[in-house]
Amino acid sequence: MEKQKNIPQLRFPEFEGEWDKKMINDTCTIVGGGTPESGKDEFWNGNIQWFTPTEIKMNYVSKSERTITELGLKKSSARLLPKGTILLTSRATIGEVAIALNECTTNQGFQSLIVNKSFNSIFIFNWIKNNRNLFIRRANGSTFLEISKSEIGTIPIYAPTLPEQQKIASFFTAIDQKISQLKRKKTLLEQYKKGVMQKIFSQEIRFRDENGQEFPKWEKKKLGEVYSFRGNNSFSRENLNYEKGKVKNIHYGDIHTKFNTLFDITKEVIPFINEDLQIGRISAENYCKKGDLVFADASEDLTDVGKSIELVNLNNEKILSGLHTILARPDLSKMAIGFGGYLMKSIDVRKQIMKEAQGSKVSSISAAKLSGVLLNIPVPKEQTKIAYFLSAIDNKITHTQTQI
């Protein structure tokens, strides 16, 4: 039987030959962590960064939540780790990694890797990230899982020559930088949207008509004056499927977790109602229509109770509003398509909904309570301009997330 060669399927063209099989011990020095005695003020709040596993959330770390002093380092089993060390979580959560951008120390939840000069730390780092399961398999423990220094050291790793490692590392670094830039862009867009929504719904920002004239003043109306309520169903997840059916169903859990403010069925994944269920008695008026709001009437988190979506494109499909939802239909002479979804996200409306919510462990709101929520509403033409403006920002956020 021919021996399998250690040659990657995807490779930079200037390199050839097999990758060498090594052990982690061949590539680095493995160093554990330590914790200075608590209650000793002279050991804490110094100039040395001291990381715990919960802080390993990014590829690179520079500033820890707590710091220790030189004396704290000396009087504990912690070791000062040089810049570029790979911090590897080895207790409870196994195999999470980050590269230290500065000198630092860690607690006992780590076995950190100081990479030898004949190997590239970013190459080793990315190899560990993509082979985390090897570390998890070697972990042991009853109360919590832990992998020892000796077990880590004997894990096999396949590595090319240093120049090829450096080329691969540069490639991954470029990708990381691009992802970081896109994440930063998405964060800024989300912050911008939040700020501009606050100014729009407080009327600090106003739009003008096609002649450059101001629109009329906004009017205060109760939600029940511009929306009427329709019936929902009580089908649970067990009554739904994602494969086949004639009627789709909006589940309250999906409103909480994944649906966009402006719901376009061509861009969302929504389940069918199982075909063996009897839905023939459901009135045509209770089927969702374009412009409808669908509220999730309950949540364990008060800030999410009454969270809603507006249905802006149903693509001629049949949809019902499901378990723990409230279906509200707009008076289209007073409400422009696309505006209501954003209005329900405004700070003033959200505060009113949370104030009206009832319950201790689970907060809920009724259609009757929603009816009394006071809305500040511009004329439909200004509503349309607001909806277009905010949806354009949402489209940029979605596009950036797709790039990420």
Would you say that more than 12 heavy atoms from the other residues, nucleotides or ligands in this model lie under 6.0 Å from the [atom1] of [X], or not?
{"X": "Arg11", "atom1": "CZ", "answer": "yes"}
{"X": "Glu70", "atom1": "CD", "answer": "no"}
{"X": "Met23", "atom1": "CE", "answer": "yes"}
{"X": "Phe171", "atom1": "CZ", "answer": "no"}
{"X": "Arg138", "atom1": "CZ", "answer": "yes"}
{"X": "Tyr388", "atom1": "OH", "answer": "no"}
{"X": "Asn47", "atom1": "CG", "answer": "no"}
{"X": "Lys258", "atom1": "NZ", "answer": "yes"}

For His256, ring-ring contact (aromatic ring centres under 6.0 Å, His included) partners two or more places apart: none
Does [X] use its side chain to pair, donor to acceptor, with the backbone of [Y] at less than 3.5 Å?
{"X": "Arg230", "Y": "Arg329", "value": "no"}
{"X": "Gln49", "Y": "Lys63", "value": "no"}
{"X": "Glu310", "Y": "Gly340", "value": "yes"}
{"X": "Asp304", "Y": "Lys307", "value": "no"}
{"X": "Glu96", "Y": "Ile56", "value": "no"}
{"X": "Trp44", "Y": "Gly39", "value": "no"}
{"X": "Gln198", "Y": "Ile347", "value": "no"}
{"X": "Thr69", "Y": "Gly46", "value": "no"}
{"X": "Arg132", "Y": "Ile94", "value": "yes"}
{"X": "Glu146", "Y": "Gly141", "value": "no"}

Leu262 side chain reached by Ser391 side chain, heavy atoms, under 4.5 Å: yes
Option among Ile255, Asp292, Leu311 that satisfies the side-chain contact (heavy atoms from CB on, under 4.5 Å) test with Phe263: Leu311
Among Thr85, Thr105, Val97, the one residue meeting side-chain contact (heavy atoms from CB on, under 4.5 Å) with Ser112: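 Only one option passes, and that is Thr85.
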Side chain to side chain donor-acceptor pair (under 3.5 Å) contacts in which one or both residues fall within residues 27-41, not counting sequence neighbours: Thr35-Gln108
Polar side chain donor-acceptor pair, [X] to [Y], under 3.5 angstrom:
{"X": "Ser299", "Y": "Asp301", "result": "no"}
{"X": "Thr52", "Y": "Glu55", "result": "yes"}
{"X": "Asn59", "Y": "Lys129", "result": "yes"}
{"X": "Glu285", "Y": "Ser283", "result": "no"}
{"X": "Asp264", "Y": "Thr266", "result": "yes"}

Short N-O contact, [X] and [Y], less than 4.0 angstrom:
{"X": "Lys193", "Y": "Asp394", "result": "yes"}
{"X": "Arg208", "Y": "Glu214", "result": "yes"}
{"X": "Arg237", "Y": "Asp254", "result": "yes"}
{"X": "Glu190", "Y": "Lys186", "result": "yes"}
{"X": "Lys75", "Y": "Glu42", "result": "no"}

Sequence neighbours excluded, every pair satisfying ring pair (Phe, Tyr, Trp, His ring centres under 6.0 Å) that has a member inside residues 367-386: none
Mutual orientation of the aromatic rings belonging to Tyr192 and Phe389 [parallel < 30°, tilted 30-60°, perpendicular > 60°]: perpendicular
His251 and Leu323: CA distance, side-chain angles, deciding distance, side-chain contact (heavy atoms from CB on, under 4.5 Å) verdict: CA-CA 6 Å; His251 192 276; Leu323 178 70; 4.2 Å; yes
Passing option when Asn233 is tested against Asn249, Asn286, Thr325 for side chain to side chain donor-acceptor pair (under 3.5 Å): Asn249
Intermediate values then yes/no, ring pair (Phe, Tyr, Trp, His ring centres under 6.0 Å), Phe172 and Phe125: CA-CA 10 Å; Phe172 279 118; Phe125 165 81; 9.2 Å; no
Over all atoms of both residues, closest heavy-atom pair of Ala336 and Pro380: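 Shortest heavy-atom contact: CB-O, 3.6 Å.
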